[in-house]
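Worksheet for the structure shown next.
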Amino acid sequence: MLYSQTDAAAKRAAFRDRLATGELLQFPGAFNPLSARLIERKGFDGVYISGAVLSADLGLPDIGLTTLTEVAGRAAQIARTTDLPAIVDADTGFGEPMNVARTIQELENAGLAGTHIEDQVNPKRCGHLDGKQVVDDETALKRIRAAADARRDPNFLIMARTDIRAVDGLDAAKDRAKKLVDAGADAIFPEAMRSLDEFAAIRAAVDVPVLANMTEFGKSELFTTEQLASVGINIVIWPVSLLRMAMGAASRALDTLNEQGALTSQLDAMQHRSELYDLIDYESYNHFDATIFNFTVEK
Ligand SMILES: C[C@](O)(C(=O)O)[C@H](CC(=O)O)C(=O)O
Ligand SMILES: [Mg+2]
């Protein structure tokens, strides 16, 4: 009923405990609060909130056009929907180091369990595209130091993402990852790794959790959870997958409407009304007023 019964501090503490086990935690990307609830119902370990999804949701490209206000507001709506930890993509941190500091505090206030800050120049782009540029070490490290300085809850996870592998190679990625940890990063997100061996190399280079980004149509092979666990990865995300699946289904539905003038042939592909009502815990609102859920839904 309504929102999560677990406060943000408890979610963060539980998340840290899970990370400490060293097992692979699975964080599918939610594209709205309802899909976050579905991720929880399906038994996953956490919810990822993608910057690409938040920008696409607004009909914008993933080039840093979203504002901190928009990202923190939407992330709060998603984070409050489940008892799971939610981590959000904060792109380059929304400006200079002092802006990164504000970003951390706004995301803590929004109930997030953590965030990642990347070392791309602005305007950023999807990390799986060609033509990326990264800032120098000093700028990348200042962003992470500012984030670590600003955090109030020590369990709020500050993850440093580096896109440098695509620009200067794997050795540069290992070197920067080590420096980012020294600057205060609790975890490392090595973007657009090309092989399991590359993930293993980053895993060996740092002693903090490492995230693997299994986004489709990019530079990384889509490794299985078993493969990623075998090289010691700690968090895996599928950031845009549910949005891609949903938009693919919506496109096919509109084609069917154009062709058939009805969606009767697609009913089996739809989430049933009863499934939706179960997912939003509709019946629980009888707690306030017994006349709210006083009907039956034919399955
Ligand atoms: C993880 C990511 O930063 C995101 O915004 O979800 C993107 C995902 C994508 O565009 O496929 C990324 O830069 O990898
Ligand atoms: Mg992103």
Side-chain angles (χ1 to χ4, degrees), residues 25-32 35-36 39 44 46-68 70-72 74-75 78-79 86-95 100 103 107 112-135 140 143 147 157-167 173 180 185 187-195 198-199 202 209-223 228 233-248:
L25 303 183
Q26 302 182 31
F27 279 58
F31 55 85
N32 63 11
S35 58
I39 289 167
F44 287 94
V47 173
Y48 180 73
I49 302 169
S50 153
V53 165
L54 294 183
S55 48
D57 187 50
L58 296 169
L60 301 172
D62 184 21
I63 54 177
L65 288 174
T66 49
T67 67
L68 172 58
E70 288 169 336
V71 169
R74 189 58 167 165
I78 293 172
I87 51 180
V88 64
D89 178 357
D91 291 339
T92 61
F94 297 99
V100 175
T103 294
L107 295 179
L112 278 298
T115 189
H116 61 75
I117 305 286
E118 70 197 49
D119 59 359
Q120 284 197 62
V121 303
N122 290 308
K124 56 138 306 149
R125 63 183 59 184
C126 159
H128 284 251
L129 299 180
D130 294 328
K132 290 191 300 185
Q133 297 176 60
V134 293
V135 296
R143 288 178 184 171
L157 190 86
I158 292 170
M159 185 182 300
R161 164 173 152 174
T162 180
D163 287 65
I164 202 169
R165 186 253 174 267
V167 180
L180 289 165
I188 292 294
F189 174 168
E191 173 68 322
M193 293 288 107
R194 295 302 186 91
S195 67
E198 293 201 355
F199 278 116
I202 299 292
V210 175
L211 176 144
N213 174 13
M214 291 291 101
T215 195
E216 298 81 13
F217 318 124
K219 305 286 186 189
S220 296
E221 185 179 337
L222 298 179
F223 299 112
L228 294 169
I233 296 301
N234 307 94
I235 301 171
V236 53
I237 60 172
W238 298 271
V240 193
S241 309
L242 295 190
L243 178 72
R244 300 191 214 277
M245 292 291 292
M247 289 304 291

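Atoms within each ligand, like the ligands themselves, are counted from 1 in listed order.
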Is there a polar contact, in the sense of an N or O pair closer than 3.5 Å, between K124 and ligand 1?
no

Atom 6 (O) of ligand 1 has as its nearest protein heavy atom S50 OG, 2.6 Å

Among protein heavy atoms, which sits nearest to atom 14 (O) of ligand 1, and what does the distance come to when rounded to 0.1 Å?
E191 OE2, 2.6 Å

Of all the atoms in E118, is at least one N, O or S atom closer to the Mg ion (ligand 2) than 2.8 Å?
no

What protein heavy atom is closest to atom 13 (O) of ligand 1, reported as residue, atom name and distance in Å?
G127 N, 2.7 Å

Mark yes when over 12 heavy atoms from residues, nucleotides or ligands other than E198 sit less than 6.0 Å from its CD; otherwise mark no.
yes

Backbone of D91 reached by a side-chain donor or acceptor of D89 within 3.5 Å:
yes

Has Q120 got a side-chain atom pairing as donor or acceptor with R125's backbone, closer than 3.5 angstrom?
yes

Going by distance alone, is a donor N or O of one side chain under 3.5 Å from an acceptor N or O of the other, for D119 and T162?
yes

Checking contacts here: is it the side chain or the backbone of Q120 that comes within 4.0 Å of ligand 1, counting heavy atoms only? Could be both or neither.
neither

Report the nearest protein non-hydrogen atom to atom 3 (O) of ligand 1: residue, atom name, distance rounded to 0.1 Å.
R161 NH1, 2.7 Å

Give yes if a backbone or side-chain nitrogen or oxygen of V240 is under 3.5 Å from a nitrogen or oxygen of ligand 1, and no if not.
no

Under 3.5 Å, side chain of K132 to main-chain N/O of G127, donor-acceptor pair present?
yes

Which class fits the ring pair F44 and W238: parallel under 30°, tilted 30 to 60°, perpendicular over 60°?
perpendicular

Going by heavy-atom distance to atom 1 (C) of ligand 1, choose the closest among V88, D91, N213.
N213

Examine ligand 1 and decide if any of its atoms is less than 4.0 Å from a heavy atom belonging to E216.
no

Report yes or no: do T103 and R143 form a side-chain donor-acceptor pair below 3.5 Å?
no

One residue to check: F217. Relative to ligand 1, which of side chain, backbone, both or neither has a non-hydrogen atom less than 4.0 Å away?
neither

Geometric N/O contact D89 with ligand 1, under 3.5 angstrom
yes

By atom name, which N, O or S atom of D89 is the nearest to the Mg ion (ligand 2)?
OD2

Consider every N or O of A52 and every N or O of ligand 1, then say whether any pair is closer than 3.5 Å.
yes

Ligand 1-proximal atoms of M214, by part, heavy-atom distance under 4.0 Å:
neither

Residue and atom name of the nearest protein heavy atom (relative to atom 10 (O) of ligand 1), distance in Å to one decimal
C126 SG, 3.1 Å

Looking only at protein heavy atoms, what sits closest to atom 11 (O) of ligand 1 is T215 OG1, 2.5 Å

Does T66 use its side chain to pair, donor to acceptor, with the backbone of S55 at less than 3.5 Å?
no

Atoms in ligand 1 flagged as close to R244, the criterion being non-hydrogen separation under 4.0 Å
11 (O)

